[in-house]
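Taking it in order: structure first as structure tokens, then the write-up.
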Protein chains: 2
Amino acid sequence: MSTDHPPRPSRRGFLKAGGAAVAAGASLGTGLTTSQNAQARTQPHAPADPQLAVEPFYGAHQGGIVTPQQSHTYVAALDLSTDRREDVIALLRAWTDAAARLTQGGTAAPLPTDSAGASKAAPDSGDVLGLGPCGLTITFGFGPGLFTHEGKDRYGLAARRPDALVDLPRFNGDQLIKEKTGGDLFIQACANDQQVAFHAVRQLARLAYGTAAMRWGQAGFLSGPRGQTPRNLMGFKDGTNNPSTAKPQLMNEFVWAGASADAPWMEGGTYTVVRRIRITLEHWDNTELDFQEQVFGRHKYSGAPIGKKNEFDAVDLKAEDKDGNPVIPENSHVRLSNQASNNGAQILRRSYSYNDGTNFYIERWPPWRQETEYDAGLIFIAHQSDPRTGFIPINDRLAKFDMMNQFTTHVGSAIFAVPPGAKPGSYIGAGLFET
Amino acid sequence: MSTDHPPRPSRRGFLKAGGAAVAAGASLGTGLTTSQNAQARTQPHAPADPQLAVEPFYGAHQGGIVTPQQSHTYVAALDLSTDRREDVIALLRAWTDAAARLTQGGTAAPLPTDSAGASKAAPDSGDVLGLGPCGLTITFGFGPGLFTHEGKDRYGLAARRPDALVDLPRFNGDQLIKEKTGGDLFIQACANDQQVAFHAVRQLARLAYGTAAMRWGQAGFLSGPRGQTPRNLMGFKDGTNNPSTAKPQLMNEFVWAGASADAPWMEGGTYTVVRRIRITLEHWDNTELDFQEQVFGRHKYSGAPIGKKNEFDAVDLKAEDKDGNPVIPENSHVRLSNQASNNGAQILRRSYSYNDGTNFYIERWPPWRQETEYDAGLIFIAHQSDPRTGFIPINDRLAKFDMMNQFTTHVGSAIFAVPPGAKPGSYIGAGLFET
């Protein structure tokens with residue numbers, strides 16, 4: 001049967017895509033030099049066709065953190081099942097090599113080029129052949145379980161756990177589902193195509209068979225008019241108040257981890273919090289427009305702070321109406337999450353919507369409906385230099401006071417130390433294991 | 001608070017999109033004439049920007065059946081909770097009007113234009129403002145429960161149930177989940193953006209509050225190199241052998257319902273079968289490439305039938321190898337589903353992949369793994385003039401003999417009578433209620 005095989009493509013970028021993808025494919029396996037990489041980062045390659053976009057893999061930082069947000073994601077956490085440190089290192093090496101190929105538009109490993117390979121399982125599922133790199137980024141992170149697991153120091157890493165990688169406290173209103181919470185290892189794949197994002201995680205999870213098993217996986221998406229702030233499923237613009245990724249000083253202060261004494265290997269990395277936030281869209285849709293705006297503290301259609309005209313007008317938390325009441329309500333989301341309400345703290349939000357069909361649900365706020373509802377909402381993803389001054393105090397306040405809690409429930413949660421980027425020839429997390 | 005509202009957009013197509021969306025928006029509410037509609041159908045409007053694509057709503061047939069497949073879908077089924085025939089008619093009228101607006105890039109109803117509307121819930125969730133029509137089609141269908149519900153003829157329609165709208169038999173291997181099966185009313189929204197597809201169903205389901213409740217909803221997607229047959233999550237090209245929608249004779253024979261004596265109101269409609277098919281991707285990915293090809297009866301990378309070179313080469317079911325064995329295996333998917341194996345029957349498949357994260361799963365074939373696995377696979381959607389000669393005999397054979405069953409499990413199922421398109425001023429299904 002296999003003697004009459006047609007020639008096999010060596011990678012998807014070569015199948016039908018234009019010159020940009022071929023050029024990207026040509027760098028496969030060699031890796032980009034650091035200077036090429038820096039150039040690519042500061043002059044992002046953004047062709048008109050989002051299928052042809054390509055992001056560098058190697059560099060000082062991992063991709064997918066300050067990278068302009070792609071339209072889709074698939075995030076996943078895995079639990080390590082091995083007790084051997086060298087297995088973990090081998091996995092991270094394999095992941096690094098595969099991720100470098102995948103992000104540049106390649107398959108996880110070269111496909112068989114003749115019939116000799118047909119009697120084995122192929123090293124790539126092949127479902128995105130011909131699709132181009134699609135701006136794919138792959139970001140890896142380490143959960144608390146890599147350092148200590150049920151009190152056990154499996155890999156001799158317990159002493160290297162960063163102080164900033166805290167176990168998240170229980171927040172007011174949390175209804176966490178164990179199967180959507182935690183995890184020893186984290187993979188975030190973002191791309192301008194949802195099959196390309198999932199494909200990446202699928203190949204990487206397969207490389208982990210026998211070493212780490214899937215704990216949870218979650219697809220997400222971001223729809224938005226190009227060049228404008230996207231609206232989330234609540235119909236409001238989301239992300240307006242993010243610190244600007246164009247300002248390195250802000251990124252160094254709020255996003256990138258510094259060279260701390262407890263975890264020097266994290267310099268240039270970040271700490272990432274993932275929360276699966278279910279939204280009762282049915283309830284929200286039947287809520288008065290002006291109450292929706294009070295919940296957010298913004299006008300719905302323009303995105304402007306209440307009392308202002310334009311989306312990017314500054315939020316004036318001191319403004320009062322003629323009766324002396326705050327124009328932006330005390331318990332509005334924009335006030336509670338604002339830098340000025342949080343001792344100057346900022347986090348870089350890079351969230352996606354999710355939409356997992358429907359299931360039976362019991363609402364936890366009036367009108368306490370019990371019915372088949374959308375299992376949809378927000379995959380909240382936030383990067384920060386230290387969650388102890390970032391997500392934790394900000395979310396503590398939100399969880400207690402935010403009016404939005406009437407419509408949102410945090411049902412999944414995880415925290416990861418995301419190490420810096422890898423150098424060609426090395427691997428993600430090398431600094432943790434080798435110094 | 002509401003006096004300083006910025007002006008509100010009257011519909012999303014007017015916000016930022018280019019001329020095409022504005023032109024589309026200009027036809028809102030008036031509807032297209034039949035001849036305009038016919039022209040639009042035969043000369044599909046396909047601008048380079050998929051956000052600006054627009055499909056007609058009114059016409060002889062509903063959209064979303066022979067419409068070139070968009071990149072995303074959200075399909076849903078609702079159960080009627082009313083006992084009043086006039087409630088059902090009112091719902092179908094409201095759905096028709098809203099769908100006509102939504103498909104042309106509008107909101108479900110006009111948004112409030114000044115602060116007078118702020119103290120009420122807005123008639124549209126607003127989450128796709130600015131996104132353009134995105135080629136949206138909305139297709140409505142009627143399940144068996146519209147005609148008879150628990151032996152009761154709620155709406156005086158039992159005698160008008162088409163003979164072709166049979167209750168699907170239980171097929172070999174079915175593991176149907178009640179919450180993902182059946183339904184009295186069907187909505188299929190397809191668009192070049194997943195938030196636009198979901199948005200449409202969300203507004204329509206909201207219009208049904210008090211009359212019909214969500215039974216199940218499901219997002220789907222289709223990634224593919226443009227102009228090529230897309231690959232499904234198994235990595236094989238899917239849909240190669242569909243009857244050509246460019247051949248009206250084939251569509252009349254296999255897709256469109258004729259003027260049957262039992263259901264004259266279905267002329268120009270179709271019968272739609274939806275199956276949620278979970279695929280054990282983990283198992284599949286570790287299956288030898290040549291066995292994968294035997295399962296499909298096609299080469300993976302080229303899509304050619306086994307023994308042929310090119311995707312569209314004819315499937316030769318009689319070819320034998322030198323030992324006299326069939327080149328295309330007896331139990332391969334392409335042989336069992338081929339027209340020649342099914343008394344000439346054909347169905348129009350218009351399926352999407354789905355990807356709902358992960359959950360605990362017990363595989364039903366060796367190696368019988370029990371673990372957290374992808375809840376991903378295929379939302380199989382097939383249109384046909386009569387399921388008794390279409391899906392049912394074809395799937396009966398597949399369910400018994402298809403080698404693919406080792407990797408696939410049907411976990412959801414539904415069948416609907418999809419009536420013809422509506423005329424402007426009328427509504428979907430008018431022929432069922434009014435003649």
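The sequence lines fix the lettering, A, B, ..., with proteins before strands; numbering per chain opens at 1.
Ring orientation note: the planes of Phe296(B) and Phe236(B) are close to parallel, at an angle under 30° on the 30°/60° scale.
Interface remark: Asp285(A) contributes backbone and side-chain atoms alike to the contact with chain B (heavy atom separation under 4.5 Å). Heavy atoms of Asp375(A) lying under 4.5 Å from chain B are absent altogether. No part of Asn310(B) comes within reach of chain A, as not one of its non-hydrogen atoms sits under 4.5 angstrom from that chain. Proximity to chain A (any heavy atom under 4.5 Å) is shown, for Arg202(B), by both the backbone and the side chain.
Interface remark: of the candidates Trp216(B), Tyr74(B), Tyr374(B), Tyr374(B) forms the most heavy-atom pairs closer than 4.5 Å to chain A. Heavy-atom pairs under 4.5 Å with chain A peak, among Thr287(B), Asn359(B), Asp321(B), at Thr287(B). Among Glu371(B), His72(B), Glu373(B), the residue making the largest number of heavy-atom pairs under 4.5 Å with chain A is His72(B). For the set Leu222(B), Asp193(B), Asn355(B), the count of heavy-atom pairs under 4.5 angstrom toward chain A peaks at Asn355(B). Ranked by non-hydrogen atom pairs under 4.5 Å with chain A, the options Ser125(B), Ala205(B), Ala219(B) are led by Ser125(B). Highest contact tally toward chain A, considering only Tyr209(B), Trp284(B), Phe360(B), is held by Tyr209(B) [criterion: heavy-atom pairs under 4.5 Å]. Interface summary for chain B: among Val75(A), Thr372(A), Asn286(A), the most heavy-atom pairs under 4.5 angstrom belong to Asn286(A). No other option in Met234(A), Gln203(A), Glu282(A), Arg215(A) has as many heavy-atom pairs under 4.5 Å with chain B as Glu282(A).
Heavy-atom minimum distance, Thr181(B) versus Gly412(B): OG1-CA, 3.6 Å. Here the closest non-hydrogen pair linking Gly210(B) and Ser81(B) is O-OG, 3.6 Å.
Salt-bridge annotation for Glu311(B) and Lys237(B): present, with a side-chain N of the basic residue lying under 4.0 Å from a carboxylate O of the acidic one.
With rounding to the nearest 0.5 angstrom, the CG atom of Asp356(B) is 9.0 Å from the OG1 atom of Thr358(A).
Using modelled atom types and a 3.5 Å distance limit, the side chains of Asp127(A) and Gln195(A) yield a donor-acceptor pair. Residues Lys180(A) and Gln218(A) bring no donor and acceptor atom of their side chains to less than 3.5 Å of each other.
A donor-acceptor pair under 3.5 Å is formed between the side chain of Arg231(B) and the backbone N or O of Lys300(B).
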